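Encoded as structure tokens, the structure appears first; notes follow it.
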Amino acid sequence: MAPVALETPTHINGASTPVSISKKAHAFDPATQHLPDIDPSKLTIKLSHELATVPAPETLTFGTIHTDHMLLLTFSPEAGWSAPSIQPYGPMSIDPMASCIQYATNIFEGMKAYMGADGRPRLFRPDLNMARMKRSADRLALPPFNEQALLELIKKLIMVEKRWIPSAPGCSLYIRPTMFGTRIGFGVTPSTSATLLIILSPSGPYFPGVVRPISLYAESRVRRAWPGGTGGHKLALNYAPTLRPTREASQQGYDQILWLFGEDDHLGEVGQMNAFVVLKRDDGSLDVITPPLDGTILPGVTRHSVLDLTRAHSPENAIPGLPADLVLHVQERYIPIAQLVEYSETGTLAEVFGVGTAAVLVPINRIGYGEEGKEIKIEGGANGFGPIARAVREELMAIQEARRPSIWSVPCDEE
Ligand SMILES: *Cc1c(COP(=O)(O)O)cnc(C)c1O
């Protein structure tokens, strides 16, 4: 297969990599230790004898069922990466002393395959997911891997499981690459062995029913991420501590948490999505703002794409659904929660939304803050969408579903 043109993810990489992490020190590097890397030509495929019935698209929720097969790879310090295997989905046994159970050496990715009207499955900017997964592995001193080889295997698995890709609008096959340390022992040292899995889940819309706006509670007592921490990487250990605060927010009547950080309590993320704020200027132009990648923000593929689309908006290259002469001032900067309240009180605040692979884009209509039940209310149009949210969501989905040709949309059936 032709080498995948890996876009240098400087934009995603840059500020999200804490400077204290040494680039050269890696516990085991196949390049230097001459251990075999992932080799797609060694793939073996063992098909399941009992294939499940694919559910009707309208019954699908998010991330509850799995397909018939999974892709499995293991890494050992003696043999490097094993021959890849596509095999029936099923439980695995694991040593109780394994690194992932004792010390949370677990990383994951989230991406989707979309079925085009031409019957071809496609991925959306998968090179960015592969590069991010490699950085996550490095952050936990898990073994490195060739990301082009892994992407090639993901495409093969998608082709095997093609019948599971729902073609109804808003539906897709969610892909969950997962990797965990399997070294046995209580020593707090890098896991010299690991397992890498790719599992698939046919998915309907993340939030069931018509897309509706969600409400947030702006959390300033508990922090999701901090400078020098791991919030800029997709590590499983970032998510467990968010569960109790999110349940508490839900008991107060809010869907998700708006994570804040710093003395000034500036905006971070919206649950597990990147946050965007749109402000009105007197001259009719708009500010489109998202927090900068300072290590506390997960460098989302969707965030990256929303920035690319809005930055490129111009009379010659207008986002469909937006006036061609509308000027967008796109910025990566901090917004303290007090400033958001002020924007709301002065009528400057136009839109707030969250973006991510699972939900694509979700508008926010209500943000609770402080102790006394104070709230910011944001008015949207139909279903709570402002003009930017609506146009950007539609454009992203048109590209993902290959209704609009784009180099971001990568076919799975091409070598
Ligand atoms: C995965 C994730 C996102 C969204 O990233 P995408 O690549 O757009 O799916 C945002 N925030 C957090 C905390 C995440 O885990």
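Atoms within each ligand, like the ligands themselves, are counted from 1 in listed order. A quick note: this is a predicted structure, and the numbers were derived from the prediction, not measured.
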Near-ring test Phe124/Tyr114, centroid separation under 6.0 angstrom: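 Tyr114 vs Phe124: aromatic centres not under 6.0 Å.
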Expected contact list for ligand 1 at under 4.0 angstrom, heavy-atom basis, is Arg132, Arg224, Lys234, Tyr239, Glu269, Gln272, Met273, Asn274, Leu298, Gly300, Val301, Thr302, Gly356, Thr357
If you define the side chain from C-beta out and look only at heavy atoms, does anything of [X] sit under 4.5 Å from [Y]?
X	Y	value
Thr182	Asp95	no
Ile364	Val270	yes
Gln87	Ser48	no

Side chain to side chain donor-acceptor pair (under 3.5 Å) partners of His313, counting only residues at least two apart: none
Does the side chain of Asp294 pick up a donor-acceptor pair with the side chain of Tyr334 at under 3.5 Å? yes
